[in-house]
Amino acid sequence: MSRYEPSQTEPKWQAAWDAAGIFTARRDPTKPKYYVLEMFPYPSGRIHMGHVRNYTMGDVIARYKAASGFSVLHPMGWDAFGMPAENAAMERGGHPKDWTYSNIADMRNQMKPLGLSIDWSREFATCDPEYYGQQQAMFIDMMEAGLIYRKNAMVNWDPVDMTVLANEQVIDGRGWRSGALVERRELTQWFFRISNYSSELLKALDALNDWPHKVRLMQANWIGKSRGLQFAFSTTGAPEGFDRIEVYTTRPDTLHGASFVAISPDHPLAKQLERHNPAIAEFVAECRRIDTSEEALEKAEKNGIDTGIRALHPFDDTWELPVYIANFILMDYGTGAIFGCPAHDQRDFEFATKYNLPIKQVFIALGTKEAPLSEAYVPMKSERVCYIRGFPQPEIKTGQEVIEEAIAHCEENGIGRGVTNYRLRDWGISRQRYWGCPIPVVHCATCGVVAEDKANLPICLPDDVTFDQPGNPLDRHSTWRNCTCPKCGATARRETDTMDTFVDSSWYYARFTAPRATTPTIAEDADYWMNVDQYIGGIEHAILHLLYSRFFARAMHKTGHLPAKSIEPFNALFTQGMVTHEIYKTTDANGRPVYHLPEDIIRNESDATLADGTKVEVIPSAKMSKSKKNVVDPLKIITEFGADTARWFVMSDSPPERDMEWTASGAKAAYKHLARVWRIADEITHTNANANATNDAALTKATAKAVDEVTRNIDNFAFNKAIAKLYEFTNTLSNSAAGTTTKRTAMQTMAQLMSPMTPHLAEEIWQMLGGTGLVAQAPWPSADPALLTDDEITLPIQINGKRRAEITIPANTPKSEVEKIVLANESVVKFLAGTPVKTIIVVSGRIINVLT
RNA sequence: GCCCGCGUGGUGGAAUGGUAGACACAGAAGACUUAAAAUCUUUAGGCCGAAAGGCCGUGCCGGUUCGAAUCCGGCCGCGGGCACCA
């Protein structure tokens, strides 16, 4: 007898797979293709359990599809540009490039022992010049196609470090390093015209049936289509050129309740006024001390300042409304100016209360009388209300109806026009940072802004840079900055902004189809492999990454880099949950929290201590993070139990879309189970039991059911249920008194069913039982439908909705017969005690409900 | 603040309009063992009961239905996103 020793067997099978080259993706015209992709990782240097879970899910699908006869593409790469590399350079010295490539090497080494069926020959990093050079080529094509432009936009400016900050680098309105109050500052930046595609990106969501409903809903809300009225207020007392203020409203039905006009602090009128009015200048400056995030803006106290300008109501030019500058009006949405109707908008209500503005009701709830409001009355647009202003007599209508009438009325009278607006803004891709893809553009004194000549690509990042001072090293690098204009040959200046890393991740899926090509893609490869059949990643990417990718695929199609079928690049999407763990905390002498690694904790049922007996506070589970030290190193688990145990555990118990709790005991239990399966297989090879018709038939039937259920569960991404079924099947097989031949067949099937989750163990068992070749190349088993049905079924009987008895009857018993059996049932008779029966509801194969 | 989810035994979860708690973890009892580990067997939502059985129970409140963890309305709690984190 030998033992289950994954440390011996796992490397052996990994070498066997490599030698057979079975994970190398090949265009095979004789097979249907299947492209499975997990969101590629940022090379932080260490893999974590979240990665293990993410890649194991993809691997289960990849191996299952390969066994099911598909030609599978399952690649891996690195989302390698971004701030952490620059931060590391600033903190520890060194170069972002060295840091990144060394992290990639480390992470690759940590991933290989997991035994993932990845085609490593296609690996690339987005910081490879071969990759970002092609991205630059596409940028130039997209520029020519009119998809890119420049405009002014706000950034977070750290006035002490003299540098632009990312939103996450702004903490409570201050720069994370300098502590200085952050200001909003305007810079000229590069934009993709994603808003040209607002309507299409929204409409196309309807066809993404294999995407989670919630992701589609989140994207739809993000795009934010609205129908409204755009019109202008005439003004009095405004500076020259501002005799009209354009506003946009989705509730033109409330125009009769308008009590003020408010403009954004970034509105041209506000900018004009701040030049000559110190009070306004101070207020606007104060507004700009909020960082650029919408969250900060929304949470800030709502403030305004009266400009002294008056707006004339379009229906009555004797009706004057004060014009405020208000900190909650976004310049990016609509026209950057609104009118406020306090009676029917909570924010306007609070604003009006604060500044003592009139609150005039336009409509009231049915069956009520006009009375002073304590909060805004905001019914659904579809709800019928009583309009008390704007009509000769009160009229009962829905908001929707009156909105449409109001738009029509304003259009007829030349007051304004109905417009469809989107919340989605153009995609600003300029970053004032070094470690990103350089924007391939040159600034020439005579020619202006000129795209680089494609022959000069890639525009590589210079290696000789330092990070000892804040700001963008490219800006300081005079020899890199100086270049010649591709148009006129004069001396020119290179663009020093680099691209948002979301650009890098918006097309890597396409690059994987031809990763070494000297063009961004190759038509034959893209035609064969696209689209991604199954995309897997975190829900945190539900909006930005996925929306940008959907846009970029369209832009790539427009510029000839992807076929028309690929404008929606991801056929199916699955969003997995996080891996969580308890947090262990003690407190140091100064009262500061000290966190401890799980491996340093002795965990009892009710409490936890350190090795020296110190009590440790146990904080409920949260996402694994370095700062809280609630991390488990996958390598340690692999060393102790093997990769299959880690893979099995992350797939068991929790449904994949939900967070899963990592527990040491759970990991151990997974190992125990795998060892048990191994032992049962081993026993089968050492015994020789005779056939037994009844027991053999029962096991054969159980095997067919296991095949059926595990297959369906994998198809539905219900890996936890597939595993539960495999536990059950293990118990059945272990307790079975069937003959050795039948048991051997059952165990071989078990190996196949387990192979997507625990590929090494499956190969081991497959070999033990004399299977041909590699189980990784064996065709997926199928179940004989005749074995899946039962002759007899047990049905519960309810009396008035409460379960009181059950009966076991032949599966094909007709309803009328079932009723007779139920009424004759001893427990039913006893329970009814003569009460007459009104109805019997028989749900075939499910339940019987007797009503009295 | 706005948008989107989630909430079931001591724990992870199963059941997505039809027997609530499959499967597993931790627990308890037993077998084997000099002992421990490993393994195997049994047990297990709560309350009442010797048992048969009964009552209660899916975050909270209300509704629809013969029947609700599941559908609807309102609330509470937790998580994700909010355009320069990736």
Side-chain angles (χ1 to χ4, degrees), chain A residues 39-42 44 79 81-84 153 155-156 164-170 189 194 212-222 224 291-300 302 328 332 346-347 423-433 500-502 504-505 538-545 547-548 575 577-578 580 605-606 620 622-623 652-655 657-661 663 665-670 672-673 675-676 679 718 720-721 723-728 731 734 794-798 800-806 838-841 843 845-851:
Chain A
M39 289 179 186
F40 66 165
Y42 179 80
S44 62
D79 189 12
F81 275 134
M83 291 200 307
V155 294
N156 298 312
V164 177
L165 298 179
N167 283 339
E168 79 158 4
Q169 295 174 318
V170 180
Q189 306 194 66
I194 188 173
H213 179 254
K214 64 174 167 180
V215 173
R216 293 195 278 166
L217 192 57
M218 282 158 92
Q219 291 213 355
N221 288 337
W222 185 261
D291 67 75
T292 57
S293 77
E294 191 171 322
E295 187 189 359
L297 210 63
E298 291 270 357
K299 279 185 178 165
K302 311 293 179 283
F328 56 90
D332 291 314
Q346 190 56 28
R347 192 164 57 183
R423 205 184 74 99
L424 180 64
R425 309 199 292 259
D426 277 334
W427 175 13
I429 60 147
S430 282
R431 297 294 180 270
Q432 295 71 40
R433 278 182 249 289
D500 179 5
T501 57
F502 274 126
D504 313 338
S505 57
I539 184 68
E540 67 273 21
H541 296 294
I543 296 174
L544 294 179
H545 162 61
L547 190 60
Y548 290 151
T575 54
M578 302 180 299
T580 63
E605 206 187 326
S606 53
K623 179 176 179 168
S652 65
D653 288 357
S654 296
E657 68 276 13
R658 251 198 261 176
D659 292 351
M660 78 148 296
E661 165 88 358
T663 58
S665 57
K668 203 173 160 206
K672 278 191 193 174
H673 177 73
R676 180 173 177 230
R679 213 166 38 244
N720 57 323
K721 290 186 230 168
I723 285 179
K725 187 66 206 172
L726 286 166
Y727 270 107
E728 215 174 275
N731 290 335
S734 170
T794 300
L795 293 179
I797 302 170
Q798 292 184 338
N800 292 325
K802 293 215 173 211
R803 186 188 173 281
R804 297 298 180 190
E806 63 178 35
K838 270 196 207 136
T839 328
I840 301 180
I841 296 164
V843 184
R846 282 288 189 176
I847 203 167
I848 298 135
N849 196 359
V850 180
L851 304 179

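From a predicted model like this one, the values you see are computed outputs, not experimental measurements. Chain naming here is simple, since letters A, B, ... match the order of the sequence lines and numbering starts at 1 in each.
No engagement by A:His673 is indicated, since no non-hydrogen atom pair under 4.0 Å with the nucleic acid exists. Within the 4.0 angstrom heavy-atom criterion, base atoms lie near A:Gln189.
Distances were taken from every side-chain heavy atom of A:Met578 (C-beta onward) to each of B:rA14, B:rG79, B:rC85; the shortest belongs to B:rG79.
In this structure, A:Asn221 does not reach the B:rC2 phosphate: none of its side-chain N or O atoms is under 4.0 Å from OP1 or OP2. In terms of phosphate contacts, A:Arg803 brings no side-chain nitrogen or oxygen within less than 4.0 Å of OP1 or OP2 of B:rG53. Under 4.0 angstrom from either OP1 or OP2 of B:rU19 there lies no side-chain N or O belonging to A:Arg804. Of the side-chain N and O atoms in A:Lys668, one or more sit less than 4.0 angstrom from OP1 or OP2 of B:rA38. OP1 or OP2 of B:rA86 has at least one side-chain nitrogen or oxygen of A:Thr501 nearer than 4.0 Å. The side chain of A:Arg658 contributes no N or O atom lying less than 4.0 Å from OP1 or OP2 of B:rG79. An OP1 or OP2 oxygen of B:rA24 is reached within less than 4.0 angstrom by a side-chain nitrogen or oxygen of A:Asn731. Of the side-chain N and O atoms in A:Lys721, one or more sit less than 4.0 angstrom from OP1 or OP2 of B:rA15. For A:Lys802 and B:rG53, the shortest distance from a side-chain N or O to OP1 or OP2 is not below 4.0 Å. One finds no side-chain N or O of A:Asn800 lying less than 4.0 angstrom from the OP1 or OP2 phosphate oxygen of B:rG67.
When each of A:Lys725 and A:Arg425 is assigned the nucleotide of RNA chain B with its nearest heavy atom, A:Lys725 is the one assigned upstream, toward the 5' end.
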